[in-house]
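One structure below.
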There are 2 protein chains.
Amino acid sequence: MNTKLDWGEMMDLNIPSFLRNQGIKASYQRIRIYEYLMNNRTHPTVAEIYNALITDIPSLSKTTVYNTLNLFVEKELVEEVTIEGSEMRYDIKDPEGHGHFKCTQCHRIFDVPVQIEKIFTDELSEFHVQAQFVHFVGICPDCLKKNS
Amino acid sequence: MNTKLDWGEMMDLNIPSFLRNQGIKASYQRIRIYEYLMNNRTHPTVAEIYNALITDIPSLSKTTVYNTLNLFVEKELVEEVTIEGSEMRYDIKDPEGHGHFKCTQCHRIFDVPVQIEKIFTDELSEFHVQAQFVHFVGICPDCLKKNS
DNA sequence: TCTAATTTTGTATTCATTACAAGTTTATCA
DNA sequence: TGATAAACTTGTAATGAATACAAAATTAGA
């Protein structure tokens, strides 16, 4: 029997204990915000997260959403996505890392796998790289199909 | 004798005609802003550009800097760099493409060469990629030296 | 030169984000 | 359990980057 859980399975099981493992107190608001990010891999803005949760948590303040996301970013659970627009977007940070693709037609943002290690060049070896981000702009498969 | 000029040489020679080639009227303000971006590959903010030019062009308005940069971005002469902070940064767009490296210690942003074609994976072949951006966060060679 | 089109400029406005302080909840320990 | 401190949440006010807009200035074409 395989008792070893991978990252995804662990997340599904128990967000509160995951947060505590990361040194974050598992308040109701934080759990619900993290859960929302897990279930909505659409790179939501603060406003989108707030609007989605306000009916369930009537006391919720936008400031709490900001505070929580900034905490998650600081603790490296969540990544800021600044692919476009004036609003910051947020995405669960997975250990493997992935890139983002912004469709200029339907405006959706996709996660795309990226062979990040292949990016490195000789020149970069002089630097100590702690994090890397890749994003693309273009037209997604769905829109390409619609166009043809 | 070699009369073929590469991109860099062409730029040095004649910004006004370069702008006109790109379908942009070569006003004094636009020339000076483009020239500033050429000579200062430090990914400046609007405020930095404005402050650098205001003594030479006392009539200059921040709105003009915004307008001009948005025009340059639209015409694909200049690239928006959103590697950090709340202010947009701007960088001359070179045809080869390059990545950016943000030093967490000295806060400078470096241009780094990137083997962009190696990033592409099978999954991405379904997408029509029009532009790609890569950036890194870490510690630059200078700061690594200082630390040791 | 005259007129229309384009560009620049200054001011007012928008809106995402942060600052801050008060209120609420949670943890700790006697 | 109850008292006290610490941590978290909330609402309001403030900040500041970016845009909207209209008037003034400049440029282009006839």
Side-chain angles (χ1 to χ4, degrees), chain A residues 15-17 19-36 43-75 77-91 109, chain B residues 15-17 19-36 43-75 77-91 109:
Chain A
I15 291 173
S17 66
L19 292 180
R20 277 189 290 268
N21 275 344
Q22 307 296 316
I24 293 173
K25 233 180 244 177
S27 76
Y28 182 60
Q29 289 85 341
R30 288 170 178 178
I31 294 166
R32 294 300 306 272
I33 291 170
Y34 193 86
E35 184 193 38
Y36 182 83
H43 318 88
T45 62
V46 165
E48 284 166 358
I49 298 168
Y50 174 82
N51 290 331
L53 296 178
I54 188 63
T55 43
D56 267 23
I57 318 172
S59 75
L60 186 66
S61 163
K62 246 178 198 168
T63 302
T64 298
V65 181
Y66 277 105
N67 288 342
T68 301
L69 290 170
N70 286 339
L71 177 70
F72 287 170
V73 169
E74 191 189 323
K75 298 285 188 179
L77 273 60
V78 162
E79 195 176 285
E80 294 181 324
V81 181
T82 54
I83 198 166
E84 65 125 19
S86 55
E87 281 170 278
M88 186 68 78
R89 294 175 172 278
Y90 295 88
D91 190 16
I109 297 175
Chain B
I15 291 174
S17 66
L19 291 180
R20 277 188 292 268
N21 276 343
Q22 308 296 318
I24 294 173
K25 236 180 244 179
S27 74
Y28 181 61
Q29 290 86 340
R30 288 170 178 177
I31 293 164
R32 295 300 305 273
I33 291 170
Y34 193 86
E35 182 194 38
Y36 181 84
H43 319 86
T45 62
V46 164
E48 282 165 358
I49 298 168
Y50 175 81
N51 290 331
L53 296 177
I54 188 64
T55 45
D56 266 25
I57 318 171
S59 75
L60 186 65
S61 163
K62 245 177 199 170
T63 301
T64 300
V65 181
Y66 278 106
N67 289 342
T68 301
L69 291 170
N70 286 339
L71 177 69
F72 287 172
V73 168
E74 191 189 324
K75 297 283 187 179
L77 273 61
V78 163
E79 196 177 284
E80 295 182 323
V81 181
T82 54
I83 199 167
E84 65 125 19
S86 55
E87 281 170 277
M88 187 66 81
R89 294 173 173 279
Y90 295 88
D91 190 16
I109 297 174

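When reading the values below, keep in mind they use all heavy atoms of this one structure, side chains included, and skip hydrogens, waters and symmetry mates. Numbers restart at 1 for each chain; the letters A, B, ... are given by sequence-line order, proteins then strands.
- Taking atom CD1 of Ile54(B) as the reference point, atom C1' of dT8(C) lies 12 Å away to the nearest angstrom.
- Between the P atom of dA18(D) and the CD atom of Glu48(B) lies a distance of 12 Å, rounded to the nearest Å.
- Contact annotation: Tyr66(A) side-chain N/O to dT17(C) OP1/OP2 distance is under 4.0 Å.
- Between Asn67(B) and Lys25(B), the residue whose closest nucleotide on DNA chain C is further toward the 5' end is Lys25(B).
- The closest donor-acceptor contact from the side chain of Thr64(B) to the backbone of Leu60(B) lies at 3.5 Å or more, if one exists at all.
- Listed candidates were dT8(C), dT9(D), dA16(C). Nearest to the side chain of Thr68(A) is dT9(D).
- Nucleotide dT6(C) holds its C1' atom 14 Å from the CD1 atom of Ile24(B), rounded to whole Å.
- Ranking dT9(D), dT17(C), dT10(D) by closeness to the Ser61(A) side chain, first place goes to dT10(D).
- Judged by closest nucleotide on DNA chain C, Ser27(B) is the one of Ser86(A) and Ser27(B) placed further toward the 5' end.
- Atom CG of Leu19(B) and atom C1' of dT6(C) are 16 Å apart (whole Å).
- Using modelled atom types, one finds a donor on one side chain and an acceptor on the other under 3.5 Å when comparing Tyr28(B) with Arg32(B).
- In terms of position on DNA chain D, the residue among Leu71(A) and Thr63(A) whose nearest nucleotide sits closer to the 5' end is Leu71(A).
- Between Ile24(A) and Leu77(A), some side-chain heavy-atom pair lies under the 4.5 Å cut-off.
- Within the nucleic acid shown, Thr45(B) has no heavy atom closer than 4.0 Å to any nucleic acid atom.
- Taking atom CD of residue Gln29(B) and atom P of nucleotide dG10(C), one finds them 11 Å apart after rounding to whole Å.
- For the pair Asn70(A) CG and dA16(C) C1', the computed distance is 12 Å after rounding to whole Å.
- Rounded to an integer number of Å, the gap from Leu60(A) CG to dT25(C) P is 14 Å.
- Counting heavy atoms from C-beta on, the side chains of Asp91(B) and Ile109(B) never come closer than 4.5 Å.
- Summarising the geometry, the separation between CD1 on Ile33(B) and P on dT8(C) is reported as 8 Å, rounded to the nearest angstrom.
- Annotation: side chain of Thr45(B) is not in contact with side chain of Tyr50(B) (no heavy-atom distance under 4.5 Å).
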